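Shown next, in structure tokens, is the structure this report addresses.
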Number of protein chains: 2
Amino acid sequence: MLALSAMPDTVSDSPRNVFALPLPPRRDEISEPITEQLVQAMPSVYSAREDLFLEGDESSHILEVVEGVICAYRLLPDGHRHVVSFYFPGDLIGYCSPSTQTFSAQALTKVRVRRIPRHLLNQLIETRPQFARRLLKLAADELTMTREHMLCLAAKSAEARMAVFLLALARRNRETGADPTRVDLAMTRVDIGDYLGLTIETVSRTFSKLKRAGIIALPRTTTVLIRDAAALHEMAQG
Amino acid sequence: MLALSAMPDTVSDSPRNVFALPLPPRRDEISEPITEQLVQAMPSVYSAREDLFLEGDESSHILEVVEGVICAYRLLPDGHRHVVSFYFPGDLIGYCSPSTQTFSAQALTKVRVRRIPRHLLNQLIETRPQFARRLLKLAADELTMTREHMLCLAAKSAEARMAVFLLALARRNRETGADPTRVDLAMTRVDIGDYLGLTIETVSRTFSKLKRAGIIALPRTTTVLIRDAAALHEMAQG
DNA sequence: GCCATCCCGTTACAAATCGTTACACACCGT
DNA sequence: ACGGTGTGTAACGATTTGTAACGGGATGGC
């Protein structure tokens, strides 16, 4: 269990890829249990498609994803849904939204989360300056990733967005020691579409196109096998 | 001159509009001179279209905009340019990118900026926990605004994006005490297009359409008079 | 076990939006 | 006046979306 005193004095600055992938960075450094105080005896459990919280809810706790995938989303008055981000095990949610949730959060799979009271977080900021710098680093990383995603939405074609998305999931696998050529999609086509600013049909068509081109295989609708990562990278550029 | 000791213990949480506008929030609270140390005797001056720094540059200082408008942008390998954000007087730039700039910054007008050494910022974080919380709040606000812009790019039409953009500029005017019905554009059509993920022609067409509809007037290409804010708001929704 | 139903994904075709191309005009400084 | 830059307008075309129909797997009742 990582004690705060074990944290290094300087914030590590990982080399930043200009075309880094848009999903939020893993949070292992900070999300490991910090003190017994912070950790619930039993993580909360949610089942698939259950909402963890809604936009506008008071956020007295931040969440650490222990198991499963969470979808952060917002509903627009015209009925559209926009998916802000996906959160995976190790990620922290809501550590920089002071009083009120700025988006809703829904479990895509069975999910286990630890709930960390915000006042403890604030207390740590007060007493441990290095902790504050850690949080700032997390916020900076999330901002960078969000900007990356924004660039994707502003400047890239449907094909390129899908390629970036798949490569991001593959990279996460690689970083967690899983097979980077096999991506299991916890999210539906609707979720992907709402995340990438595309319709479900375009998402589906693009999957089919990639399959026909031999770049991916789709043994099941929820499983993507990356056959030609180089072609995907090429596609992710334009 | 604001001393740190004058800062309140609690971070103020302004009520957050679900459909807040995408430009970054004003930073007056924190950007006012904190100590004599932090403030250059003479702010640096840049002329229009001059780069303040480039993506990848080492960021030993953060910048406070004193006068003028700054455009944060990134160049893509395919030649496209993406405008990340616009920064106005009172805004801080680069306070949460530890070592390396994640975007380039260009002056759109004559610009004056104060350069605040990063090591002083870090020192303040170590010694003043409330300062750290302030910075976290700034980062959270910028993240929220970036997400707002992202939603705009993902889910809104060209018309709606333009409406949101104009309303954001108008709101900034209102907050600074200027006339909210008169917007002076420091940026060109290209800048706007690269910010909203549209081409210059679409930007131009949409301006013309709004003018024909009597929603705005364009006495000059750089001056927008908002005639029907309600219609703009309506347009910004869908 | 069997069948009906529902949800999700896929595909095809028509429609719309937006990008591309091309050209003309306005403004500005030389 | 001239050229350059920035902008406005129009015709055309490509990408993406909307609509609709079909298929397939999962669920649930009988």
Side-chain angles (χ1 to χ4, degrees), chain A residues 47-49 71 76 78-83 106 108-109 152-163 165-166 183-213 216-224 235 238, chain B residues 47-50 71 76 78-83 106 108-110 152-163 165 184-213 216-224 235 238:
Chain A
S47 44
R49 292 297 159 184
C71 166
L76 282 71
D78 61 7
H80 275 80
R81 192 183 70 140
H82 170 65
V83 169
Q106 186 178 62
L108 294 184
T109 62
C152 196
L153 296 173
K156 290 187 193 286
S157 66
E159 259 187 23
R161 293 183 208 181
M162 291 283 296
F165 177 67
L166 289 176
V183 173
D184 284 299
L185 301 170
M187 59 291 288
T188 67
R189 303 295 193 256
V190 176
D191 296 325
I192 297 173
D194 290 346
Y195 180 61
L196 298 177
L198 303 171
T199 60
I200 173 178
E201 293 88 348
T202 301
V203 172
S204 189
R205 270 189 292 258
T206 307
F207 268 126
S208 302
K209 195 170 174 181
L210 292 176
K211 192 168 68 174
R212 272 196 303 275
I216 63 169
L218 282 168
R220 285 179 304 172
T221 56
T222 57
T223 303
V224 181
M235 201 167 264
Chain B
S47 44
R49 292 298 160 183
E50 194 176 350
C71 165
L76 283 72
D78 62 6
H80 275 80
R81 192 184 69 141
H82 170 65
V83 169
Q106 186 178 63
L108 294 184
T109 62
K110 180 191 168 194
C152 195
L153 296 174
K156 289 186 194 284
S157 67
E159 257 186 23
R161 293 183 207 179
M162 291 282 296
F165 176 67
D184 284 299
L185 301 171
M187 58 291 288
T188 66
R189 303 295 193 255
V190 175
D191 296 325
I192 298 172
D194 290 346
Y195 180 61
L196 298 177
L198 304 170
T199 60
I200 175 177
E201 291 85 352
T202 303
V203 173
S204 190
R205 265 194 296 257
T206 309
F207 268 126
S208 302
K209 195 170 175 181
L210 292 176
K211 194 168 67 174
R212 272 196 302 275
I216 63 168
L218 282 168
R220 284 179 304 171
T221 56
T222 57
T223 302
V224 181
M235 201 167 265

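Source: prediction; values computed, not measured. Lettering follows sequence order; numbering is per chain, from 1.
- Of the possible donor and acceptor atoms, one in the side chain of A/R161 sits under 3.5 Å from a partner among the backbone N and O of A/L153.
- What separates NZ of B/K156 from P of C/dT17 is a distance of 17 Å, to the nearest Å.
- Regarding B/R220, its CZ atom lies at a distance of 13 Å from the P atom of D/dT7, rounded to whole Å.
- Atom CE in B/M162 sits about 14 Å away from atom C1' in C/dC18, given to the nearest Å.
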- Message: Does A/T223 form a side chain to side chain contact (heavy atoms under 4.5 Å, CB included) with A/L185? I'd like the steps, not just the answer.
- Response: CA-CA 6 Å; A/T223 303; A/L185 301 170; over 6 Å; no
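- With hydrogens and angles ignored, the 3.5 Å screen pairs no side-chain donor or acceptor of A/R49 with any backbone N or O of A/Q106.
- Distance CZ (A/R189) to P (C/dT11): 10 Å, rounded to an integer number of Å.
- Toward the 5′ end of DNA chain D lies the nearest nucleotide of B/L218, the other residue of the pair B/L218 and A/S157 mapping further downstream.
- Between the side chain of B/R81 and the backbone N or O of B/L76, no donor-acceptor pair lies under 3.5 Å.
- When the local axes at the two ends of the helix from C/dG1-D/dC30 to C/dT30-D/dA1 are compared, using 5 base pairs at each end, they differ in direction by 30° after rounding to 10°.
- Using modelled atom types, one side-chain atom of A/T206 and one backbone atom of A/T202 make a donor-acceptor pair closer than 3.5 Å.
- Across the protein-nucleic acid pair, A/L153 atom CG and D/dT16 atom P stand 13 Å apart, rounded to whole Å.
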- Query: Are A/E159 and A/L210 close enough, and set up right, to give a side chain to side chain contact (heavy atoms under 4.5 Å, CB included), and what steps lead you there?
  - Reply: CA-CA 9 Å; A/E159 259 187 23; A/L210 292 176; 5.5 Å; no
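- For B/F207 and D/dG8, the CZ to C1' distance is 12 Å, given to the nearest whole Å.
- The CZ atom of B/R212 sits 12 Å away from the P atom of D/dG8 (whole-angstrom rounding).
- Contact check of residues 196-206 of chain B against DNA chain D (heavy atom, cut-off under 4.0 Å) returns B/E201, B/S204, B/R205.
- Rounded to whole Å, the distance from CE on B/M187 to P on D/dG6 is 15 Å.
- With hydrogens and angles disregarded, no donor-acceptor distance shorter than 3.5 Å links the side chain of A/R212 to the backbone of A/F207.
- When B/L196, B/D194, B/T188 are each tested for a side-chain contact (heavy atoms from CB on, under 4.5 Å) with B/I192, only one passes: B/L196.
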- With side chain to side chain contact (heavy atoms under 4.5 Å, CB included) as the test, would you mind laying out the steps for A/T222 and A/M187 before giving the verdict? CA-CA 8 Å; A/T222 57; A/M187 59 291 288; over 6 Å; no
